[in-house]
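These notes concern the structure reproduced below.
Remember, it's a predicted structure, so these values are computed and weren't measured experimentally. Here is how names work: the chains are called A, B, and so on, in the same order as the sequence lines, proteins then strands, and each is numbered from 1.
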2 protein chains.
Amino acid sequence: MQKYRDMGIKLTPQRLAILEYLEGNEDHPSADDIYTEIKKKFPMMSFATVYNTLETLKKRGDLVELTIDPERRHYDPDTRHHHHLICRKCKKILDIHRDFSIEIPEDQKGTFEVLGNHIEFYGICPSCKMKGE
Amino acid sequence: MQKYRDMGIKLTPQRLAILEYLEGNEDHPSADDIYTEIKKKFPMMSFATVYNTLETLKKRGDLVELTIDPERRHYDPDTRHHHHLICRKCKKILDIHRDFSIEIPEDQKGTFEVLGNHIEFYGICPSCKMKGE
DNA sequence: CACCTTGACAAGAATGATTCTGGTATGATA
DNA sequence: TATCATACCAGAATCATTCTTGTCAAGGTG
């Protein structure tokens, strides 16, 4: 996240902790991951605060919500356009920074205004491949 | 779905109703959509039956679960490999049948075994564009 | 066709992620 | 430092999905 000196958002210790946790984080944590971690430092932390903060960051465009796991939402502080590689076994999510120029041909797109895209690659990660048969 | 004469699955009126509803359906319904519709014919229908049947079909490979909407799961009886176009406003989901040859370059993929991919295009559908400014 | 076994059904309880509520506390600003 | 908007916490509420249990019926067999 940009230096927390941001503008327009009230800085509280809880928010700072969340911002710090997210900064450079490439694990695509869930709200629960964040809550559990932050709670170590702030035992009074409430789940509502985590969700509220995530919502605020999302609205400001400093956080992206991923809809990859049907069980729970994951969050990605990397707001640059990129794609994901997901392990079918351990569910780990990896970033793919690469531009694939994909365009829907006119005849299928019609007047649908395409604003963007997101590719999910799925398969088996190295460590799972080693374990499993 | 292939002619219900399938093998290995016990045919019940409830299942037939669900199969019929799904046959050729391109609306990507949620469990609730299916439940609500089938309930008209079978007022005794239980939600558990819908979920059980969907699970069974999924296991047999006759149904694909879509993780596109963070609110609820959607189901697609079209099991051919294809992609989706999602309207940011009305959340409508459209099919894109087109092969995009996308490959992750070796240096990023490493020994990750990529089995497939799914592209989500998002934007504004024609009817929403017309309504909104 | 009658019987039997297995698996499907309904109803409702349980679970778990996310959202909401209401009252209190605290940054940011003057 | 006083003010005020806004964030915080705790817990309740919501809602999709899963689980449980007792009952029943589909499909195969004789």
Let me know, please, whether A:His74 or B:Arg15 comes out on the 5' side of the other along DNA chain C by nearest nucleotide.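 It is B:Arg15, whose closest nucleotide lies nearer the 5' terminus.
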Taking [Y]'s backbone N and O only, do any of them form a donor-acceptor pair with [X]'s side chain (distance below 3.5 Å, no angle check)?
| X | Y | answer |
| --- | --- | --- |
| A:Lys89 | A:Lys129 | no |
| B:Asp27 | B:Pro29 | no |
| A:Asn25 | A:Leu22 | no |
| A:Thr36 | A:Asp32 | yes |
| B:Thr56 | B:Asn52 | yes |

Summarise protein proximity over nucleotides 23-30 of chain D in one line of letters, 5' to 3': B for base, S for sugar-phosphate only, - for none, counting protein heavy atoms closer than 4.0 Å. ---BS---
Counting neighbours of CD on A:Gln108 that are heavy atoms of other residues, nucleotides or ligands and sit closer than 6.0 Å, is the number greater than 12?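 More than 12 within 6.0 Å, yes.
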Please check if the number of heavy atoms outside A:Glu26 that lie under 6.0 Å from its CD is greater than 12.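 Atom CD in A:Glu26 is not crowded, with 12 or fewer foreign heavy atoms closer than 6.0 Å.
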For A:Ile86, the rest of its hydrophobic cluster, which grows through side-chain links under 4.5 angstrom: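 Members other than A:Ile86 - counting any ILVMFWY side chain reachable under 4.5 Å - are A:Val64, A:Leu66, A:Ile68, A:Ile93.
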Between [N] ([atom2]) and [X] ([atom1]): distance, integer Å:
| X | N | atom1 | atom2 | result |
| --- | --- | --- | --- | --- |
| B:Leu54 | D:dA16 | CG | P | 15 Å |
| B:Glu55 | D:dT18 | CD | P | 7 Å |
| B:Asp69 | D:dC15 | CG | P | 15 Å |

Using chain A heavy atoms and a threshold of under 4.0 Å, write down where along DNA chain C the contacts begin and end, 5' to 3'.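 Taking any atom under 4.0 Å from a heavy atom of chain A, the span is C:dA17 to C:dA28.
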Nearest-nucleotide wise, let me know which of B:Asn52 and B:Tyr75 is further upstream toward the 5' end of DNA chain D.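 That would be B:Tyr75.
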Between A:Glu20 and A:Lys41, does any side-chain N to carboxylate O distance fall below 4.0 Å?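 So A:Glu20 pairs with A:Lys41 through a salt bridge.
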What residues, two or more places apart in sequence or in another chain, satisfy side-chain contact (heavy atoms from CB on, under 4.5 Å) together with A:Phe100?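 Listed in chain order: A:His83, A:Ile96, A:Arg98, A:Ile119, A:Phe121, B:Ile102.
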Short side-chain N/O contact from B:Tyr51 to OP1 or OP2 of D:dT17, under 4.0 Å: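 For D:dT17, OP1/OP2 do have a side-chain N/O of B:Tyr51 under 4.0 Å.
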So which of residues 34-50 of chain B are in contact with DNA chain C, with a heavy-atom cut-off of under 4.0 Å?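 By residue number: B:Met44, B:Met45, B:Ser46, B:Ala48, B:Thr49.
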Would you call the rings of A:His84 and A:His28 parallel, tilted or perpendicular if under 30° counts as parallel and over 60° as perpendicular?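 Rings of A:His84 and A:His28: perpendicular, as their planes differ by over 60°.
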Go through B:Glu71 and A:Arg73 one step at a time and tell me if the salt bridge (charged side-chain N to carboxylate O under 4.0 Å, His left out) criterion holds. CA-CA 10 Å; B:Glu71 307 290 323; A:Arg73 303 176 190 193; 3.4 Å; yes
If the helix axis at each end comes from five base pairs, how far does the helix from C:dC1-D:dG30 to C:dA30-D:dT1 deviate from straight, to 10°?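 Taking five pairs per end, the axes differ by 30°.
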So, A:Ser30 and A:Asp33: side-chain donor and acceptor under 3.5 Å apart, yes or no?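 Yes, because at least one side-chain N or O of A:Ser30 sits under 3.5 Å from a partner of the opposite role on A:Asp33.
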